[in-house]
Amino acid sequence: QVQLVESGGGLVQSEGSLRLSCAASGSIFSIITMGWYRQAPGKQRELVASIARGGSTNYADFVRGRFTISRDNAKNTVYLQMNSLKPEDTAVYYCNALIQRGSDAFAGRYWGQGIQVTVSS
């Protein structure tokens, strides 16, 4: 079974930085897209940023210019560099990947367990 393991979260002061990592492991033929979502209390889960295998990226407006997503295809790993963090960035951040497990298999979406990011004033 495919697993996504996140690391790098924690507590940081406003205007600080954190770097999140997510490594996919298991039976993987191809990872089509990888990305990060977040969910704050009382709010819907929302896309933060995503990246395709070829390197094209997509960012939510509220993080554009502050966050940078990247991936290492050889390591099946995606990163999220978060700079100029704000208290409103506080949320559980979830790694997500669209993964094809075999050459003739349909792609499936997988989620990490989530990692807490807390930004204090």
Side-chain angles (χ1 to χ4, degrees):
Q1 178 62 36
V2 172
Q3 289 190 327
L4 304 179
V5 179
E6 301 120 325
S7 62
L11 175 65
V12 67
Q13 290 186 329
S14 181
E15 301 300 321
S17 298
L18 287 173
R19 181 178 173 87
L20 304 183
S21 299
C22 173
S25 62
S27 180
I28 298 172
F29 176 76
S30 177
I31 301 179
I32 300 170
T33 59
M34 301 188 80
W36 293 92
Y37 290 71
R38 71 185 189 187
Q39 187 167 21
K43 294 187 176 181
Q44 295 185 138
R45 188 173 298 186
E46 60 187 354
L47 174 70
V48 177
S50 64
I51 184 167
R53 185 171 184 85
S56 61
T57 58
N58 185 41
Y59 293 95
D61 289 341
F62 54 82
V63 302
R64 191 179 298 274
R66 299 188 296 126
F67 294 6
T68 302
I69 190 169
S70 61
R71 66 186 286 177
D72 185 334
N73 291 330
K75 296 181 178 180
N76 290 332
T77 299
V78 63
Y79 307 93
L80 185 68
Q81 178 66 47
M82 304 185 293
N83 299 325
S84 301
L85 284 161
K86 306 174 181 179
E88 51 263 44
D89 294 319
T90 296
V92 176
Y93 284 69
Y94 296 89
C95 180
N96 175 263
L98 185 63
I99 298 175
Q100 185 178 358
R101 299 188 65 188
S103 61
D104 296 321
F106 291 104
R109 188 167 297 279
Y110 296 85
W111 293 91
Q113 64 182 345
I115 189 165
Q116 179 70 44
V117 171
T118 302
V119 185
S120 63
S121 300

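Positions are given from 1 along the sequence.
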Original post:
After noting the C-alpha distance and the side-chain angles of Asn96 and Arg109, does the key distance pass the side chain to side chain contact (heavy atoms under 4.5 Å, CB included) rule?
Top reply: CA-CA 7 Å; Asn96 175 263; Arg109 188 167 297 279; 2.4 Å; yes
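Considering only heavy atoms from C-beta on, Ser50 stays 4.5 Å or farther from Thr33 through its side chain. Contact of the Glu88 side chain with the Phe62 side chain is not registered, since no non-hydrogen atoms from C-beta on lie closer than 4.5 Å. Using a 4.5 Å heavy-atom cutoff, the side chains of Trp36 and Met82 are not in contact. The shortest side-chain heavy-atom distance between Asn58 and Leu47 falls under the 4.5 Å cut-off. By the 4.5 Å heavy-atom criterion applied to side chains, Gln1 and Arg101 are counted as neighbours. Using a 4.5 Å heavy-atom threshold, the side chains of Leu20 and Val117 count as touching.
Expressed to the nearest 0.5 Å, how far CG of Leu18 lies from CD of Gln81 amounts to 8.5 Å. For the atom pair CG of Leu11 and CD of Gln13, the computed distance is 8.0 Å after rounding to the nearest 0.5 Å. Lys86 contributes atom NZ, which lies 12.5 Å from atom OG of Ser121 (distance to the nearest 0.5 angstrom). With rounding to the nearest 0.5 angstrom, the CD1 atom of Ile28 is 4.5 Å from the CD1 atom of Ile99. For the atom pair CG (Asn76) and OG (Ser25), the distance works out to 8.5 Å, reported to the nearest 0.5 Å. Atom CE in Met34 sits 10.0 Å away from atom CG in Asp72 (nearest 0.5 Å).
Leu98 and Tyr79 fall into different hydrophobic clusters, where Ile, Leu, Val, Met, Phe, Trp and Tyr side chains are chained together by heavy-atom contacts under 4.5 Å. Criterion: ILVMFWY side-chain heavy atoms under 4.5 Å apart, direct or through other members. Under it, Leu85 and Tyr59 are part of a common hydrophobic cluster. In this structure, Val63 is not a member of the same hydrophobic cluster as Tyr94, with clusters built from ILVMFWY side-chain heavy atoms closer than 4.5 Å. Each of Val48 and Val92 belongs to its own hydrophobic cluster when Ile, Leu, Val, Met, Phe, Trp and Tyr are linked at side-chain heavy-atom distances under 4.5 angstrom.
Contact detail for Arg71 and Ile51: the closest heavy-atom pair is NH1-O, 3.2 Å. Contact detail for Ala40 and Ala91: the closest heavy-atom pair is N-CB, 3.9 Å. The two residues Ala49 and Leu80 have their closest heavy-atom pair at CB-CD1, 4.3 Å. Pairing each heavy atom of Ala24 with each of Ile31, the nearest pair is CB-CD1, 4.0 Å. Of all non-hydrogen atoms in Leu4 and Cys22, the two that sit nearest each other are CB-SG, 3.8 Å. The two atoms that bring Pro87 and Ser14 nearest to each other are CD-OG, 3.9 Å, heavy atoms only.
The backbone N or O of Val119 sits less than 3.5 Å from a side-chain atom of Thr90, completing a donor-acceptor pair. Between the Glu6 side chain and the Cys95 main chain, a donor and an acceptor come within less than 3.5 Å of each other. Formation of a donor-acceptor pair under 3.5 Å by the Asn83 side chain with backbone atoms of Gly16 is not found in this model. Between the side chain of Asn73 and the backbone N or O of Arg53, at least one donor-acceptor pair lies under 3.5 Å.
Dense packing is recorded around CD of Gln116, with more than 12 heavy atoms of other residues, nucleotides or ligands lying under 6.0 Å away. Gln39 CD: more than 12 foreign heavy atoms inside a 6.0 Å radius.
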